[in-house]
Amino acid sequence: MQHVSPVRLPLVTGGKTYHDVTEDVSRHVEAKPNRRWALALTAALLLLGIFFYSVYRTLWYGIGEWGLNKTVGWAWDITNFVWWVGIGHAGTLISAVLLLFRQKWRTSINRAAEAMTIFAVICAAMYPVLHLGRPWLMFWVFPLQNTFGSLWTNFNSPLLWDVFAISTYFTVSLVFWYTGLVPDFATIRDRAKGPIAKVAYSLLSMGWKGSAKHWSRYETVSLILAGVSTPLVLSVHTIVSMDFATSVVPGWHTTIFPPYFVAGAIFSGFAMVLTLMLITRVVFKLEDYITLEHIALMNKIMMITGSIVGVAYITEFFIAWYSQVEFEQYAFINRATGPYWWAYWSMMTCNVITPQLVWIRRIRYSIPATFILSIIVNIGMWFERFVIIVTSLHRDYLPSSWAMFSPSWIDIGIYVGTLGLFFTLFLLFAKFFPVINMAEVKSVLKYTVDNGPTYRQLPKDTPQATLSTEAATASH
């Protein structure tokens, strides 16, 4: 008997044609900005103004404007740095890893996810630069010829590994994102009516003509970049975790950090992708392209990575008990019952308990529930980084040096300001660039309801003969 795979929901709904895809995606680029977009950009620019003021205070008066002290030398800034780097992971995962695995559902969401990666890495890079105290000396971290005496870059430091990993990740992600944009830039170039738009999109499209030679090179470059990007998904947050794991601080000195950080990064990254895509599909009326099936699949990945993170939390406690090192045991007891207990249990609730609701189909396919869950997950992942960093530092080996950390208004201002920077960049991208990859969406139109019978949702009680007929029709 022939085995027929389960019927899946369509990837594009509404019976769209190739022309419809071009019209729907190009419309928001060619039209004038609407009021909702203008209001959102105004709010983002106000937050960006707070960022510039907070940075000015930091550079003019020094790091003393932050809430750091002699015991807690890393706190708010490194928490936010790791949080932003984590958010940047989902874009490369959706674009590169799912491309290599031939997952066609990525086509409607990969463009915005790639852009989110780039903007998140820009926000993350702000924190180490500002934390230097003298950012104009930042070039000292690079292995340049030394003209200042005996000072030389320490290649054994994971902080230097961060520089190489994140800069490489940013560069490859930027090239990957731009490569995917070239065919769509050419489409908008050919449709442009104003002279400025024609010139701008002509330059951006780099002479793309859509010939077979161009498409062949486009697909080759995309696969090469995907192969290069895939190890970066694992390496970047692994190296970030080594900033902590290579130390001797209780709570940090553990080999579980690399896989734990990578899973957490994908977890928070997919949550941010969901937040942005749910807003984008409503604002730009893209419900036929970002479907409930896309949302459900992203929810499943978020649930799986959240479960991995939950196992990592439990494993940390087991390792602390198994080691029989009293300092390590105290570090974890202090996290759960010490003065920062509220941060620890917020982390556990948001990251371990809440994602398990996705097992319920009604929640997995619910847009309001998914939106709320995505925000809760990102809040929980921020608390995770805060718990790892602050609770491990504020009580060290000597009780005489114990101290509490409280963020200053400048700390909070820089964090809120990076949110403003992120959303300003994303809103500008969503207005002037195609937010969905038109070329790749057109390649999956055969999996729509009208053109792909295998992917049509049939009643559960459909006879086997009918299913076999559907499959045979699709094969032709």
Donor + acceptor pair across side chains of [X], [Y] (<3.5 Å):
X      : Y      : value
Trp84  : Thr418 : yes
Thr187 : Asp184 : no
Thr275 : Asn378 : no

Go through the structure and list residues passing side chain to side chain donor-acceptor pair (under 3.5 Å) with [X], not counting sequence neighbours.
X      : result
Ser408 : Asp411
Thr391 : Arg335
Asn34  : none

Enter the distance from [X]:[atom1] to [Y]:[atom2] here, rounded to the nearest 0.5 Å.
X      : Y      : atom1 : atom2 : result
Leu98  : Thr92  : CG    : OG1   : 11.0 Å
Thr107 : Tyr289 : OG1   : OH    : 11.0 Å
Phe405 : Trp66  : CZ    : CH2   : 10.0 Å

For Asp243, check salt bridge (Lys or Arg N to Asp or Glu O under 4.0 Å) against everything at least two apart and list the hits.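 Listed in chain order: nothing, the list is empty.
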
Sequence neighbours left out, what passes salt bridge (Lys or Arg N to Asp or Glu O under 4.0 Å) with Glu328? Give chain and number order.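 Partners of Glu328 by the salt bridge (Lys or Arg N to Asp or Glu O under 4.0 Å) criterion come out as none, since no residue qualifies.
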
Ignoring hydrogens and angles, tell me if any N or O in the side chain of [X] forms a donor-acceptor pair with the backbone of [Y] under 3.5 Å.
X      : Y      : value
His253 : Thr246 : no
Trp252 : Ile388 : yes
His294 : Trp105 : yes
Arg281 : Ile290 : yes
Ser26  : Glu23  : no
Thr117 : Ala113 : yes
Ser173 : Phe170 : no

Which residues satisfy the side chain to side chain contact (heavy atoms under 4.5 Å, CB included) test with [X], sequence neighbours excluded?
X      : value
Phe52  : Leu48
Val55  : Phe51, Leu59, Leu130
Ala331 : Pro250
Val175 : Thr179, Leu225

Measure from NZ or CZ of Arg361 to the centre of the six-membered ring of Tyr365 and say whether it is under 6.0 Å with the direction within 45° of the ring axis.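 Yes, Arg361 sits over the ring of Tyr365.
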
Distance-only criterion, 3.5 Å: show the donor-acceptor pairs between side-chain atoms of residues 310-319 and protein atoms not counting sequence neighbours.
{"from": "Tyr313", "atom 1": "OH", "to": "Asn351", "atom 2": "ND2", "distance (Å)": "3.0"}
{"from": "Tyr313", "atom 1": "OH", "to": "Glu384", "atom 2": "OE1", "distance (Å)": "2.7"}
{"from": "Thr315", "atom 1": "OG1", "to": "Val311", "atom 2": "O", "distance (Å)": "2.7"}

Check Thr280, Ile279, Leu286 against Val283 for a side chain to side chain contact (heavy atoms under 4.5 Å, CB included) and give me the one that passes.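 Testing Val283 for a side chain to side chain contact (heavy atoms under 4.5 Å, CB included) against Thr280, Ile279, Leu286 leaves exactly one candidate, Ile279.
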
Residue of the set Val236, Ile166, Leu174 for which side chain to side chain contact (heavy atoms under 4.5 Å, CB included) holds with Val121: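 By the side chain to side chain contact (heavy atoms under 4.5 Å, CB included) criterion, Val121 pairs with just one of Val236, Ile166, Leu174: Ile166.
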
ring-ring contact (aromatic ring centres under 6.0 Å, His included) between Tyr218 and Trp215: does it pass, once the steps are laid out? CA-CA 5 Å; Tyr218 170 84; Trp215 278 112; 5.4 Å; yes

Ion pair present between [X] and [Y], side-chain N to carboxylate O less than 4.0 angstrom?
X      : Y      : result
Lys285 : Asp24  : no
Arg106 : Glu440 : yes
Glu293 : Arg364 : no

Nearest heavy-atom pair of Arg27 and Phe284: which atoms, and what distance?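 Smallest heavy-atom distance, with atoms named: NH2-O, 3.8 Å.
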
Of the non-hydrogen atoms in Leu99 and Ala226, which two are nearest, and what is the gap between them?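 It is CD2-CB, 3.9 Å.
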
Using 30° and 60° as the class boundaries, would you call the ring planes of Trp208 and His214 parallel, tilted or perpendicular?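 Tilted, since the angle between the ring planes falls between 30° and 60°.
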
For the residue pair Trp177 and Phe119, does the interplanar ring angle fall in the parallel (under 30°), tilted (30 to 60°) or perpendicular (over 60°) class?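 Ring orientation, 0 to 90° scale: perpendicular.
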
Strictly by side chain to side chain donor-acceptor pair (under 3.5 Å), give each pair with a member in residues 338-348 just once, sequence neighbours left out.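 Of all non-adjacent pairs touching residues 338-348, none passes side chain to side chain donor-acceptor pair (under 3.5 Å).
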
With a 4.5 Å limit on heavy-atom distance, are the side chains of Thr254 and Phe244 in contact?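 They are not in side-chain contact.
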
Tell me if the centroids of the rings in Trp83 and Tyr415 come within less than 6.0 Å of each other.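 Yes, close enough.
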
Distance-only check: which donor-acceptor pairs under 3.5 Å involve side-chain atoms of residues 421-436, not counting sequence neighbours?
{"from": "Thr424", "atom 1": "OG1", "to": "Gly420", "atom 2": "O", "distance (Å)": "2.7"}
{"from": "Lys431", "atom 1": "NZ", "to": "His28", "atom 2": "O", "distance (Å)": "3.0"}
{"from": "Lys431", "atom 1": "NZ", "to": "Val29", "atom 2": "O", "distance (Å)": "3.1"}
{"from": "Lys431", "atom 1": "NZ", "to": "Ala31", "atom 2": "O", "distance (Å)": "2.8"}

